[in-house]
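First comes the structure, then the notes that go with it.
All values below were derived from every heavy atom in this structure, side-chain atoms included, with hydrogens, water molecules and symmetry-related copies excluded. Read the numbers this way: they start at 1 and go in the same order the structure lists the ligands and their atoms.
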Amino acid sequence: MRIPVVAGNWKMFTTASEAVALVRSLKALVRDAAGVEIAVCPPSVNLIPAAEELRDSAIRLGGQNMHWEDEGAFTGEVSAKMLKEAGCHFVIVGHSERRQYFGETDETVNRKVRKAFSAGLAPILCVGETLQERESGRTEAVVKTQLEGGLKGFMADELKTLVVAYEPVWAIGTGKTATPEQAQDVHHFIRTWFEKTFGPAAADGLRIQYGGSVKPDNAKVLMSQPDIDGALVGGASLKADGFAAIIRAAVS
Ligand code: PEP
């Protein structure tokens, strides 16, 4: 039995006061939500104020990105240790926006996943194909390459807290959602790959989120697919009531 995990990726939205207000509203709306793990991933400068507001709440905090080194001359970056001390439980790694705009590769993703685990963070590893890759029939090959690269060198027992997010690039921020069947097919592929690579117990326990224009009105049908264990939500996580509705859809 996998507990669904619904995480909000706030991207580069919210000032500190807006982040605190959003977290405060969300906290009140989901106070009674049981059977679902909830997380918010604000911009890194807003992690500490958000953590303070979340002190009496089960909502977890996540970073949106991190560097793979412990510290050093890497202007503009944050480390795993910094995220951990700020109160993070999760960290998103390999989001398609990071791959597309900031040169993230499967190799750097792999280093980040390794560092996240060693710092006690649970990585949310993002994979997904572009529209061109889907239309040329390469979805599974692309996702397989990203999984192989991102998880290279790991043993099954190191991956217990890993979350994989399947996020078709063509569905992120576009309003186009994968159909439940399209999403389920890729989620099933990911779990099967995981089983072949890390064994049945690891595959059975792996939580695979869907991400890409998840909204209150499509969340339930997506998350009721057998291999979809929650959602990574961008735009719709910026409104407390809409995000709370998505969280409720994960439970029912
Ligand atoms: C995301 O940023 O991970 C995402 C899925 O965005 P959106 O929900 O806005 O498509």
Side-chain angles (χ1 to χ4, degrees), residues 4-14 18-19 22 26 36-44 46-47 50 60-66 83 88-102 104 109 112-113 116 122-131 133-134 139 142-143 146-147 150 162-180 182-184 186-187 190 207-223 225 227-250:
V5 53
V6 177
N9 172 18
W10 293 3
K11 313 193 190 206
M12 199 175 73
F13 293 99
T14 71
E18 289 164 350
L22 181 50
L26 183 65
V36 56
E37 197 172 351
I38 307 165
V40 292
C41 305
S44 51
N46 298 337
L47 286 169
R60 295 194 191 270
L61 202 59
Q64 296 179 12
N65 177 42
M66 50 165 261
L83 293 181
C88 288
H89 175 83
F90 291 107
V91 59
I92 299 171
V93 177
H95 191 280
S96 64
E97 288 154 14
R98 301 286 323 166
R99 294 179 191 258
Q100 197 179 345
Y101 306 128
F102 301 99
E104 200 132 302
V109 167
K112 290 180 183 199
V113 171
I124 298 177
L125 169 62
C126 299
V127 297
E129 80 290 358
T130 63
L131 186 58
E133 288 162 344
R134 172 163 283 267
T139 298
V142 168
V143 168
Q146 291 169 337
L147 290 169
L162 176 75
V163 175
V164 171
Y166 168 58
E167 299 207 303
V169 179
W170 49 272
I172 297 181
T174 58
K176 283 186 205 149
T177 318
T179 65
Q182 283 173 323
Q184 166 58 25
V186 182
H187 280 237
I190 292 170
R207 292 185 296 175
I208 312 173
Q209 297 175 310
Y210 170 77
S213 298
V214 175
K215 306 272 183 272
D217 61 359
N218 61 22
K220 192 168 177 178
V221 63
L222 284 161
M223 288 190 278
Q225 299 300 309
D227 288 298
I228 302 187
D229 313 304
L232 182 55
V233 186
S237 69
L238 293 166
K239 292 251 165 16
D241 51 354
F243 190 50
I246 294 170
I247 291 162
R248 280 193 294 275

With sequence neighbours excluded, residues passing side chain to side chain contact (heavy atoms under 4.5 Å, CB included) with A171: P168, Y210
T177 (side chain) donor-acceptor with V214 (main chain) under 3.5 angstrom: no
Results of ring pair (Phe, Tyr, Trp, His ring centres under 6.0 Å) for H95 - residues two or more places apart only: none
Under 4.0 Å from ligand 1, counting heavy atoms only: the protein residues, by chain and number: N9, K11, H95, E167, A171, I172, G173, G211, G212, S213, L232, V233, G234, G235
Cationic N near anionic O, under 4.0 Å, E129 to R134: yes
Could you list the donor-acceptor pairs under 3.5 angstrom formed between side-chain atoms of residues 233-240 and any protein atom two or more places apart in sequence or on another chain?
residue, atom, partner, partner atom, Å
S237, OG, V233, O, 3.2
S237, OG, G234, O, 2.7

N218 side chain vs K215 backbone, donor-acceptor pair below 3.5 Å: yes
